[in-house]
Structure formats: C-alpha cells, structure tokens
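Inspection log for the structure reproduced underneath, given as structure tokens.
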Amino acid sequence: LKAGGVAGVCVDLILFPLDTVKTRLQSPQGFRKAGGFRGIYAGVPSTAIGSFPNAAAFFITYENVKSMLHHDSTSYLTPATHMVAASLGEVVACLIRVPSEVVKQRAQVSPSSSTLRILSHTVYHEGVQGLYRGYKSTVLREV
C-alpha cells in the first residue's frame, strides 16, 4: 500500500510538467492560449491528491487478485494470472485516476482557475458523470 502509493506520487510529480506541455499542445485553443509554459504545475493538486490512492488501489487489487488466482494455476498459466490481476487493478485504479485526470487536464488548459473551482464547476454543470468522462477509453488504454 505505502510503496505503491509513494511510487505513484513520485512518478506523477516528476512527469507533471511534461504532461502539462502535452495537454496544452493538444488543446483546441492552441498552446499559447492554453497557457504556454506559464503555470506549468497548474492542476498538480488534483494529481497529488489522486496519485497515492490511485497507485495503492492498483497494487492492492493486483496482489489480491493474483493471490486468489495463483492457488491452482500451473506455471504456464502464471503470465495469464498476472495479466488478469493487472487488468482488474487498472479497472479499479481508473475509478480514482479518471476524475483526477479530468480536473488536472482542465486546470492545465485554464491555469488561472483553481483545482477546487474546476472540480465544483464540473460537478455542478455535468454531474458526477462529468468527472468520469473518458473512463471507458482510459480503461481500454490501460488494460
């Protein structure tokens, strides 16, 4: 739990500026209007808050599913056991990852808005389902 959470936070925070640049380059409003290189850490609170539970949920699910499936499996089924466990781990982790990604990406292209303001605006205008925009495609990518 702790190791997975700490590893997830470290990776997310180290790679965050690159992710911001990528998101702004893909923005329909263009790189400069989306913020350019200003506010390169815009949206980092949602990543920091979601990163630890996201990574921890993946590893807890992965280890539990792996131990449940491993009891009767022979050595040639070991790769399938790991693939199934990792896939289910990603499905669970995406329940946490996708809302934090939605808020993070919106903050990256609107660096003047706070994370809390973006979260409340999304829930108010789109409901909770707005936070899960792209859940299915994210799960398919991760699995």
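- Closest approach of Thr47 to Lys104, counting heavy atoms only: OG1-CD, 3.0 Å.
- Arg24 CZ to Lys33 NZ: the interatomic distance, rounded to the nearest 0.5 Å, is 15.0 Å.
- Transitive grouping of hydrophobic side chains (ILVMFWY, heavy atoms separated by less than 4.5 Å) keeps Val44 and Val102 in distinct clusters.
- A continuous path of Ile, Leu, Val, Met, Phe, Trp and Tyr side chains, each step under 4.5 Å between heavy atoms, connects Leu95 with Val139, placing both in one hydrophobic cluster.
- The shortest side-chain heavy-atom distance between Val92 and Tyr62 does not fall under the 4.5 Å cut-off.
- If you chain together hydrophobic residues whose side chains sit under 4.5 Å apart, Phe59 and Leu88 never meet in one group.
- Between His121 and His125, the ring planes are tilted. Angles from 30° to 60° get that label.
- Hydrophobic clustering (side-chain heavy atoms under 4.5 Å, transitive across Ile, Leu, Val, Met, Phe, Trp, Tyr) keeps Leu140 apart from Val98.
- Atoms CG and OG, on Leu116 and Ser46 in that order, are 11.5 Å from each other to the nearest 0.5 Å.
- A distance of 13.0 Å separates CD1 in Ile49 from CD1 in Ile96, rounded to the nearest 0.5 Å.
- Side chain of Thr61 to main chain of Gly89: no donor-acceptor pair is present (N/O by atom type, distance under 3.5 Å, no hydrogens or angles).
- Heavy atoms only, all atoms of each residue included: Gly35 and Pro111 are closest at CA-CG, 4.1 Å.
- Without hydrogens or angle criteria, Ser120 side chain to Arg117 main chain gives a donor-acceptor distance under 3.5 Å.
- Tyr132 and Val103 fall within a single hydrophobic cluster, where Ile, Leu, Val, Met, Phe, Trp and Tyr side chains are chained together by heavy-atom contacts under 4.5 Å.
- When all heavy atoms of Val143 and Ser87 are compared, the pair lying nearest together is CG1-OG, 3.5 Å.
- Rounding to the nearest 0.5 Å gives a distance of 15.0 Å between OH of Tyr124 and CG of Leu119.
- Judged purely by atom type and a 3.5 angstrom limit, Thr20 uses its side chain to pair as donor or acceptor with the backbone of Ile40.
- Contact check for Lys22 versus Leu18: no side-chain heavy atoms found under the 4.5 Å cut-off.
- Checking side-chain atoms of Asn64 against main-chain N and O of Ile60 turns up a donor-acceptor pair under 3.5 Å.
- Checking each of Val6, Asp12, Leu13 against Val9 for a side-chain contact (heavy atoms from CB on, under 4.5 Å) leaves exactly one that passes, namely Leu13.
- Scanning all heavy atoms of the two residues, the minimum distance from Ala107 to Ala42 falls at O-CB, 3.5 Å.
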| said: Run the side-chain contact (heavy atoms from CB on, under 4.5 Å) test on Thr138 and Glu101 for me, step by step, so that the C-alpha distance in whole Å, both residues' side-chain angles and the decisive distance to 0.1 Å come before the verdict. | reply: CA-CA 10 Å; Thr138 302; Glu101 284 285 314; over 6 Å; no
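- Scanning all heavy atoms of the two residues, the minimum distance from Cys94 to Pro99 falls at O-CD, 4.0 Å.
- At a cut-off of 3.5 Å, with distance as the only test, a side-chain donor of Thr122 or Arg106 sits close to an acceptor on the other residue.
- Atom CZ of Phe16 is separated from atom CD of Gln108 by 4.5 Å, given to the nearest 0.5 angstrom.
- With values rounded to the nearest 0.5 angstrom, Tyr41 atom OH is found 11.5 Å from Asp19 atom CG.
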